[in-house]
Amino acid sequence: MANQQLLALMASAVGGGQNNTPRALYDLSLQALIGSMDTKVPALDRISRLPELPRNLLIDAYEMMSQQESLKDTLLEELSCLDVFLRLVRYAPARSKLLRIVASLMASNKLLASRLAEAFVTRYSLQSEQEETDQDQEQQQQQQQQWLSQNLNQKQNEERQNSLQDCSMHIYDGEDHTNNSACAASGRIAGDEETQSKHNVIDPAAPADSALEELPAEELQAIDLGLRLGSFLSEAGWMQESITVLSCLNARLKHLPRHKHWLVMRLDCLQRLLYAESAHCNFKLAKRTYDELILLNPLLNSKVPQELIAMTYSQISVMYFVRHEYNFSHKWSGLAMRMLQVSAPPRIAIDVLRQAAKACVVKRDFARANLLICQALRRARAHFGPTHQKYGDTLLDYGFFLLNVDSVFQSVNVYKEALAVRRGIFGNMNFHVAIAHEDLSYAYYVHEYSTGDFSCAQDHVDKAVNIMKNLVPSNHLMLASAKRVKALLLEEIALDKMADGMDEEDLLLQSEELHNFALLLSLETFGEVNVQTAKHYGNLGRLYQTMNRFEEAERMHQKAIKIKTDLLGAFDYEVGLSIGHLASLYNYQMKKYHEAEKLYLRSIDISLRLFGHSYSGLEYDYLGLCHVYETLHNFEKYLQYAHTLENWQILRGQNITQNKSSYPAIEEDYSIEEVKTKFFSMSACNKTSSSSP
């Protein structure tokens with residue numbers, strides 16, 4: 001039957017004038033093989049023997065099967081076998097195809113990710129349910145003693161946590177300090193022996209790793225599978241399943257006797273786990289993983305690959321970044337840059353550069369951010385190509401940079417390209433695709449603010465919300481983030497319709513509900529004193545201003561300004577944004593013109609410091625000041641700022657026409673050492689030249 005199908009296809013190819021090339025014959029053979037699987041019983045033997053194919057043939061067969069709905073159940077069973085999946089996930093050339101296959105199955109509700117995670121836990125989990133129950137009973141018996149110990153040492157624990165939070169801990173810098181007793185003592189961050197034992201942290205005075213034995217081959221295979229499977233699942237956008245696999249592996253690694261490379265394996269597993277937990281906004285788990293990493297940190301030495309240390313520090317930076325704790329994110333990304341070496345694999349070098357660039361963006365170190373993200377982008381395209389996930393990820397970060405330096409039009413185009421790359425790999429129903437939709441929606445929102453046409457922005461945010469609703473719980477932070485963007489759009493759409501004489505109170509009430517949902521979740525997760533919480537207060541302030549609830553609006557803006565100033569300093573962009581919004585409220589609604597004047601001038605000062613004279617946001621401050629001075633009959637000042645506004649319009653028009661950017665892309669390729677030299681020399685210059693309070 002299969003031979004007949006193959007002959008028919010070959011005859012068709014010849015009759016159609018197709019090339020009789022080896023590739024064409026290969027494709028025909030593959031089509032015949034997959035086509036024969038629709039027959040029931042005769043195909044069973046062929047299906048069962050598929051895994052015997054070489055990996056390059058097997059991945060092509062599975063990809064073709066994933067394109068036929070009738071074969072997806074069969075494919076699900078095939079790939080749910082850990083041994084089969086391990087063969088493919090180890091095969092680097094199949095990575096992109098494997099991602100597409102998994103995306104295709106998950107889109108058809110064939111839950112391969114959860115099947116793989118369950119299979120790994122079933123095979124490699126250390127404890128049976130009875131053992132877990134016995135352990136719980138033992139823990140309950142020790143609770144009283146532990147409670148007493150914890151309370152007696154509460155003050156010491158608080159001091160220890162404070163030392164961790166300001167990074168005043170032992171940080172490995174590439175030099176070994178294990179022979180220095182003072183350094184070793186300062187490195188024992190966890191403090192007591194109980195904590196070290198709990199986390200399987202071995203004393204630095206223990207025998208050298210070179211004197212230890214290797215693990216059995218079966219154990220090494222389990223570890224290799226866990227690392228590869230956990231990373232693949234997070235790369236594919238299935239974060240919870242990745243956390244399940246890597247948590248299981250971490251527990252297994254902690255219970256193994258000390259062996260050769262134990263430190264490298266623990267560190268590698270934990271940094272991958274921290275990424276998945278941070279990306280999924282599971283901050284309680286991420287904090288626990290971070291604590292384990294910090295306990296390992298004093299034990300790092302020259303035998304641990306520096307690229308692994310760089311990646312670990314970068315993942316800690318990611319955790320702080322998604323928690324909106326930008327000072328710590330910036331510090332850890334700088335440590336990662338110091339550990340990055342020329343020998344680092346391209347994937348690691350790109351990820352470290354990307355994260356350091358993002359940390360620089362939120363600290364408004366735009367020159368350094370431009371250096372880093374341009375180098376990351378060039379490397380991603382050169383090493384992986386324009387359709388690879390790594391290039392798409394880097395594009396998304398480049399769009400973030402462009403949006404923050406006021407190159408809004410360019411950022412929209414970059415975000416569109418990033419979304420296209422991600423959709424090409426993952427299809428539509430995917431975590432990574434939802435994030436790209438949200439980012440593009442927000443860029444469109446900023447770009448279309450002056451035109452009032454928010455149709456593109458609304459289309460993309462609706463897609464982001466719908467995808468997230470299908471993938472995460474209703475109280476998830478990622479869903480709240482998408483809803484925040486949707487709330488901003490609803491408010492602007494309502495404003496435009498109200499200007500046309502239409503009553504759009506329903507849209508404003510929907511916007512208020514979405515903003516409050518995001519605020520409450522942010523308060524629950526981050527607390528009051530957090531940049532993200534402050535942003536939500538500011539969003540509500542603008543909304544209440546639109547709804548003529550002026551006193552509530554004033555309170556919201558004042559809260560936002562105080563929190564942002566305390567966290568970011570008086571001259572941060574976010575502070576200037578909130579100051580400008582409060583100035584608008586005082587100017588146009590509450591008639592507090594003198595207070596508005598002072599706020600506008602502060603906002604303008606911040607914008608000029610950060611972005612220069614062509615910054616788009618200056619328009620609203622200049623218009624506001626003109627209104628203030630006209631109302632106060634201060635015509636000299638009115639004419640001054642009317643002239644300033646005219647100059648701004650000319651300068652802005654020139655920049656748009658000529659597609660100018662304050663930070664043009666860096667086209668030159670630099671080595672990692674050159675990037676580091678430039679990065680840290682720019683850092684030193686910034687420290688000496690920046691004296692802003």
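Source: prediction; values computed, not measured.
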Next item on the list: Verify the ring-centre separation between Phe454 and Tyr444: is it less than 6.0 angstrom?
Entry: no
Just checking, any donor-acceptor pair under 3.5 angstrom between side chains of His324 and Tyr326? yes
- prompt: Are any side-chain N or O atoms of Thr533 and backbone N or O atoms of Gly527, one a donor and one an acceptor, separated by less than 3.5 Å?
  reply: yes
Here the gap from Leu371 atom CG to Leu353 atom CG, rounded to the nearest 0.5 Å, amounts to 8.5 Å
_Derivation of the salt bridge (charged side-chain N to carboxylate O under 4.0 Å, His left out) call for Arg95 and Glu235_ = CA-CA 10 Å; Arg95 192 77 169 189; Glu235 187 178 336; 2.7 Å; yes
**Item:** Face-on cation placement of Lys97 at Tyr62 ring, 6.0 Å and 45° thresholds
**Value:** no
Quiz item: Hey, is Asp351 close enough to Arg347 for a salt bridge, meaning N to O under 4.0 Å?
Solution: no
**Prompt:** Can you check whether Thr244's main-chain N or O pairs, donor with acceptor, with Ser247's side chain at less than 3.5 Å?
**Reply:** no
Q) Between Glu417 and Arg422, does at least one N-O distance fall below 4.0 Å, as a salt bridge requires? A) no
* Would Val531 and Ile563 satisfy side chain to side chain contact (heavy atoms under 4.5 Å, CB included), going step by step from the backbone distance to the final call? -> CA-CA 7 Å; Val531 174; Ile563 295 170; over 6 Å; no
Side-chain donor-acceptor contact under 3.5 Å, Gln355 with Ser317 = yes
ask   = Between His280 (side chain) and Asn282 (backbone), is there a donor-acceptor pair under 3.5 Å?
value = no
* Asked: Is the closest side-chain donor-acceptor distance between Tyr544 and Glu512 under 3.5 Å?
  -> yes
Between Thr525 and Leu477, the two heavy atoms sitting closest are CG2-CD1, 3.5 Å
Are side-chain heavy atoms of Arg379 and Pro346 found at a separation under 4.5 Å? no
Aromatic ring proximity, centroids under 6.0 angstrom, His383 and His388
no
Practice item. Could you verify whether a donor N or O on one side chain and an acceptor N or O on the other, from Lys363 and Asn327, lie under 3.5 Å apart? Key: yes
Practice task
For Ser614 and Arg652, test the side chains for any donor-to-acceptor distance below 3.5 angstrom and give the result as yes or no.
Solution key: no
Side chain to side chain contact (heavy atoms under 4.5 Å, CB included) assessment of Leu233 paired with Val245 = CA-CA 9 Å; Leu233 289 171; Val245 170; 4.0 Å; yes
Using 30° and 60° as the class limits, which term best fits the ring planes of Trp332 and Tyr290: parallel, tilted or perpendicular? perpendicular
Practice task
With the side chain counted from C-beta on, respond yes when His536 and Leu540 share a heavy-atom pair under 4.5 Å apart, and no when they do not.
Solution key: no
Report task. Please examine the side chains of Leu270 and Thr312, heavy atoms only from C-beta on, and report whether any two atoms are closer than 4.5 Å. Result -> no
TODO: Examine Tyr415 together with Phe400 and report whether their ring centres are nearer than 6.0 Å.
DONE: no
Met556 versus Arg542: any side-chain heavy-atom pair under 4.5 Å?
no
Q) Under 6.0 Å between ring centres, would you say that holds for Phe426 and Phe431? A) no
Check your understanding: Can you check side chain to side chain contact (heavy atoms under 4.5 Å, CB included) on Ile59 and Leu98, steps first, answer last?
Key -> CA-CA 7 Å; Ile59 191 66; Leu98 193 55; 4.1 Å; yes
Hey, is the main chain of Arg323 close enough, under 3.5 Å, to the side chain of Asn530 for a donor-acceptor pair?
yes
Correct closest heavy-atom pair for Ala286 and Met319 would be O-SD, 4.0 Å
Interatomic distance, CD@Gln545 vs CD@Gln589, rounded to 0.5 Å, equals 4.5 Å
Looking just at side-chain N and O atoms, do Ser108 and Glu69 make a donor-acceptor pair shorter than 3.5 Å? yes
Would you verify whether the NZ or CZ of Arg484 falls within 45 degrees of the ring axis of Tyr442 while also being under 6.0 Å from that six-membered ring's centre? yes
Handout entry: Close side-chain approach of Asp572 to Ile606, heavy-atom, < 4.5 Å
Key = no
When every non-hydrogen atom of Ala434 is compared with those of Ala464, the smallest separation belongs to O-CB, 3.5 Å
Determine whether Leu285 and Ile243 make a side-chain contact, defined as any pair of heavy atoms from C-beta on separated by less than 4.5 Å. yes
Taken to the nearest 0.5 Å, the spacing of Thr289 OG1 from Arg272 CZ works out to 14.5 Å
### Message
Under a 3.5 Å distance rule, please check whether Asp365 uses its side chain to pair with a backbone N or O of Val361 as donor and acceptor.
### Response
no
Worksheet entry | Exercise: do Ser96 and Gln389 side chains pair donor with acceptor under 3.5 Å | no
Worksheet item: Do Ser66 side-chain atoms and Glu63 backbone N/O form a donor-acceptor pair below 3.5 Å?
Response: yes
Start with the C-alpha gap between Glu118 and Arg115, add the side-chain angles, then the distance that decides, and say whether salt bridge (charged side-chain N to carboxylate O under 4.0 Å, His left out) holds.
CA-CA 5 Å; Glu118 290 166 8; Arg115 289 275 295 269; 5.7 Å; no
Q. When you measure from the side chain of Ser607 to the backbone N and O of Ser603, does any donor-acceptor pair fall under 3.5 Å?
A. yes
Output for pair (Leu75 CG, Ser70 OG), nearest 0.5 Å, gives 11.0 Å
One pair to check against side chain to side chain contact (heavy atoms under 4.5 Å, CB included): Gln410 and Asn413. What are the steps and the verdict? CA-CA 5 Å; Gln410 295 96 319; Asn413 289 331; 5.7 Å; no
Heavy atoms of Ala376 and Arg354 approach each other most closely as CB-CG, 4.0 Å
- prompt: Any chance the side chains of Glu438 and Ser481 put a donor and an acceptor closer than 3.5 Å?
  reply: yes
Here the gap from Asn430 atom CG to Leu471 atom CG, rounded to the nearest 0.5 Å, amounts to 7.0 Å
| message | Parallel, tilted or perpendicular, judged at 30° and 60°: which one describes the rings of Phe283 and Phe526? | response | tilted
Item to complete: Show your reasoning for whether side chain to side chain donor-acceptor pair (under 3.5 Å) applies to Gln67 and Ser104.
Response: CA-CA 8 Å; Gln67 296 165 4; Ser104 177; over 6 Å; no
With heavy-atom distances below 4.5 Å as the criterion, would you say the side chains of Leu88 and Leu79 are in contact?
yes
message: For Phe321, does the six-membered ring have the charged nitrogen or CZ of Lys358 within the cation-pi criterion, i.e. under 6.0 angstrom from the centroid and within 45° of the normal?
response: yes
Here the gap from Lys110 atom NZ to Leu76 atom CG, rounded to the nearest 0.5 Å, amounts to 7.5 Å
Just wondering, do Glu524 and Leu521 contact through their side chains at under 4.5 Å, heavy atoms? yes
| So, Thr394 side chain and Lys390 main chain: donor-acceptor pair closer than 3.5 Å or not? | yes
Closest non-hydrogen atoms of Arg100 and Ile425, given as atom of the first, atom of the second and distance, are CG-O, 3.4 Å
For Ala482 and Val461 the tightest heavy-atom approach is O-CG2, 3.4 Å
Quick check: does any side chain N or O of Arg378 sit under 3.5 Å from a backbone N or O of Glu667, one acting as donor and the other as acceptor?
-> yes
Open item on the list: Keeping Ser441 on the side-chain end and His437 on the backbone end, is there a donor-acceptor pair under 3.5 Å?
Closed with: no
